Asker: 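I have a structure here, written as structure tokens, and I will follow up with some questions on it.
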Amino acid sequence: MHSRPYDIVLFGATGFTGQLVFDALLKKQSDENFQLAIAGRNSEKLESLRESRSAPEVGILQADSGDRESLEKMAKQAVILINTAGPFNWYGEAVVQACVHMGTHYLDITGEPAFVHQVFSKFHQQAEEAGICVVNCCGFDSIPADLGTWLTARALPIKEPKAVRAYIRTNAAFSGGTWTTAIHAIYKRTVHKESKLSSGPRHPETPRMDLSIHFQPLLQRWAIPMPVVDPHIVKRSARHLPEDYGQAFAYGQFYTVGSFWKVVRLIVLIAMVFLLVRFDATRNWLFRKFPAGTGPSEEKRKRSRFEVRVIGETAHHQVETVISGGDPGYTETAKMLSQAAFALRDRLVKQRLVVGVRTPVEALGQDLVDRLIHEGIHIQTKPFLPIVNT
Ligand SMILES: NC(=O)c1ccc[n+]([C@@H]2O[C@H](COP(=O)([O-])OP(=O)(O)OC[C@H]3O[C@@H](n4cnc5c(N)ncnc54)[C@H](OP(=O)(O)O)[C@@H]3O)[C@@H](O)[C@H]2O)c1
């Protein structure tokens, strides 16, 4: 771990999420014993951040995602680089490229499907050849869904076709950076008609997955399908680990709300956003609504909760994994990303690293589950109610 000046470099440290990740790393510095640097495009901002945390031992590296040389210089000094500078569709690719060129392991918190596909198709082979591990989606996107589905699938009989559904519930708010990223992704999808992303071949016995809005009687809540990045990550884990998921595996993900009126309200809001992103003036107005660098207050984050219930079924068995914790997007994301970096470091030291572009489950599996439980995130797999034939 000491072949380079820093064990971990945090790029994007000055952002709303980056600062929380910095705090999460600092909290663990004496337990985990690692050399840390923060990086970003603005040295003054980085210095005042370091000063505000009274952490003179932390290094500072200046790098801009538009300047390849600065990115390579930064990547060369790190064993593991963690990236919170988003939107990743704008700033991410050059950072991954610098890490692949410099032989630096890479983790991020993107939630952008197009970026995730691009990283896999462009860099998987290069990362394998360079002997490094690249892991996207190490935040609330997609750690609970990916780990929860893996734990659920492994508790079901391997040979039976499986249908797994994740139901997400939260009262959390989002940051300006998340909002900007989402608006940009919707704009690309609706105006530029970005091509539909393939999720790989389908086994003939794969159960049918109904992805419509429905009332889920087991939870007594309305379920709305979520076209987010998680299903892409979960299905990639399943394709790459058939010994855990079996050959015939279907996955669907839903956001749940307590009443039909909340469903209607959400649909109207989403439809309005899809309409407003089409025109320059209204899109710019949307961007200004939640400016970059801002986010939910500490009080709001303290009141926020999430619960992900991953229910898996075969013809004769039902199992569920429940993952729950505090504020998903920021407080818990900071925990997830920093613990993912430590889990990757453990694997590196123990020479158990899986190289290439990997999902959180492929790269970190049980090591990450154990670490998150230790950090207070509730994760439990148990038999679900028996199926009642009517
Ligand atoms: N997956 C998840 O669960 C999850 C959770 C939280 C956030 N996110 C994602 O993380 C990203 C960041 O969110 P946020 O709320 O923290 O955003 P933010 O507050 O706007 O922070 C953005 C960061 O990117 C940096 N940056 C911008 N342009 C750059 C450039 N050219 N070169 C280097 N750095 C640059 C900014 O630096 P300056 O300070 O110098 O402007 C800042 O540090 C978003 O894409 C969001 O969707 C994902």
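Each ligand, and each atom within it, is numbered from 1 in the order the structure gives. Keep in mind that this is a model prediction, so the values were computed, not measured.
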Asker: Would you say CZ of R169 has more than 12 non-hydrogen atoms from neighbouring residues, nucleotides or ligands within 6.0 angstrom?
Answerer: no
Asker: Check R53 with D23, please: is the shortest side-chain N to carboxylate O separation under 4.0 Å?
Answerer: yes
Asker: Number the atoms of ligand 1 from 1 as they appear, then name those within less than 4.0 Å of a heavy atom of Y330, with their elements.
Answerer: 6 (C)
Asker: Does either side chain, that of E160 or that of H316, offer a donor lying less than 3.5 Å from an acceptor on the other one?
Answerer: no
Asker: At what distance is the nearest protein heavy atom to atom 17 (O) of ligand 1, and which residue and atom is it?
Answerer: G177 CA, 3.3 Å
Asker: Would you say D141 has any N or O atom under 3.5 Å from an N or O of ligand 1, going by distance alone?
Answerer: yes
Asker: What do you reckon, does F140 have a nitrogen or oxygen under 3.5 Å from a nitrogen or oxygen of ligand 1?
Answerer: yes
Asker: Taking only heavy atoms of A292 into account, list the atoms of ligand 1 that are under 4.0 Å away from them.
Answerer: 20 (O)
Asker: Between D230 and A145, is there a donor-acceptor pair closer than 3.5 Å when you use the side chain of the first and the backbone of the second?
Answerer: no
Asker: Strictly below 4.0 Å, N to O, side chains only: are R303 and E299 in salt-bridge contact?
Answerer: no
Asker: Examine the proximity of ligand 1 to T333 and report which part, side chain or backbone, both or neither, has a heavy atom under 4.0 Å away.
Answerer: side chain
Asker: Measuring from the heavy atoms of G293, does anything fall under 4.0 Å of ligand 1?
Answerer: yes
Asker: For T110 and N136, test the side chains for any donor-to-acceptor distance below 3.5 angstrom and give the result as yes or no.
Answerer: no
Asker: Nearest heavy atom to atom 22 (C) of ligand 1: which of G12, P87, G86 does it belong to?
Answerer: G86
Asker: Among all protein heavy atoms, pick out the one at the shortest distance from atom 28 (N) of ligand 1; state its residue, atom name and that distance to 0.1 Å.
Answerer: Y91 CZ, 3.2 Å
Asker: Hey, is R345 close enough to E32 for a salt bridge, meaning N to O under 4.0 Å?
Answerer: yes
Asker: To check your reading of the model: name the closest protein heavy atom to atom 19 (O) of ligand 1, its residue, and the distance in Å.
Answerer: F16 N, 2.8 Å
Asker: Determine whether R221 and S259 satisfy the following criterion, side-chain hydrogen bond (donor to acceptor under 3.5 Å, both in side chains), listing intermediate values before the conclusion.
Answerer: CA-CA 7 Å; R221 290 176 71 80; S259 74; over 6 Å; no
Asker: Are Q247 and H203 linked by a side-chain donor-acceptor pair shorter than 3.5 Å?
Answerer: no
Asker: For atom 21 (O) of ligand 1, which protein heavy atom lies nearest, and how many Å away is it?
Answerer: G15 CA, 3.3 Å
Asker: If you have a sec, work out which protein heavy atom is nearest atom 6 (C) of ligand 1 and how many Å separate them, to one decimal?
Answerer: G329 O, 3.2 Å
Asker: Between the side chains of D210 and S212, does any donor sit under 3.5 Å from an acceptor?
Answerer: yes
Asker: For the residue pair Y255 and T170, confirm or rule out a side-chain donor-acceptor distance under 3.5 Å.
Answerer: no
Asker: Starting from atom 1 (N) of ligand 1, locate the nearest protein heavy atom and write down its residue, its atom name and how far away it is, to 0.1 Å.
Answerer: I109 O, 2.8 Å
Asker: Does R41 reach ligand 1 with a nitrogen or oxygen that is under 3.5 Å from one of the ligand's nitrogen or oxygen atoms?
Answerer: yes
Asker: Near T181, which atoms of ligand 1 are under 4.0 Å from a heavy atom of that residue?
Answerer: 44 (C), 45 (O), 46 (C), 47 (O)
Asker: Please list, in number order, the atoms of ligand 1 under 4.0 Å from a heavy atom of S175.
Answerer: 14 (P), 15 (O)
Asker: Below 4.0 angstrom from a heavy atom of F88, which ligand 1 atoms are there? Numbered from 1 as shown, please.
Answerer: 10 (O), 11 (C), 45 (O)
Asker: Please determine whether any non-hydrogen atom of G40 lies less than 4.0 Å from an atom of ligand 1.
Answerer: no
Asker: So for F11, does at least one of its heavy atoms come nearer than 4.0 angstrom to any atom of ligand 1?
Answerer: yes
Asker: Quiz question: by atom type and distance under 3.5 Å, do the side chains of Q118 and E93 form a donor-acceptor pair?
Answerer: yes
Asker: Where on T84 is there a heavy atom closer than 4.0 Å to ligand 1, on the side chain, on the backbone, on both, or on neither?
Answerer: backbone
Asker: Heavy-atom contacts with S65 under 4.0 Å: which atoms of ligand 1 show up? List them by number with element.
Answerer: 30 (C), 31 (N), 32 (N), 33 (C)
Asker: Do N89 and E112 pair up side chain to side chain, a donor and an acceptor below 3.5 Å, judged on atom types alone?
Answerer: yes
Asker: Quick test: of every protein heavy atom, which one is nearest to atom 25 (C) of ligand 1, and how far off is it to 0.1 Å?
Answerer: A85 CB, 3.9 Å
Asker: Classify the contact between T14 and ligand 1 as side chain, backbone, both or neither, using a heavy-atom distance cut-off of under 4.0 Å.
Answerer: both
Asker: For the residue pair T321 / T152, report whether a side-chain donor-acceptor contact shorter than 3.5 Å exists.
Answerer: yes
Asker: Nearest to atom 7 (C) of ligand 1, what protein heavy atom do you find, and at what distance?
Answerer: T17 OG1, 3.5 Å
Asker: Is W90 touching ligand 1 with its side chain, its backbone, both, or neither, if touching means heavy atoms under 4.0 Å apart?
Answerer: neither
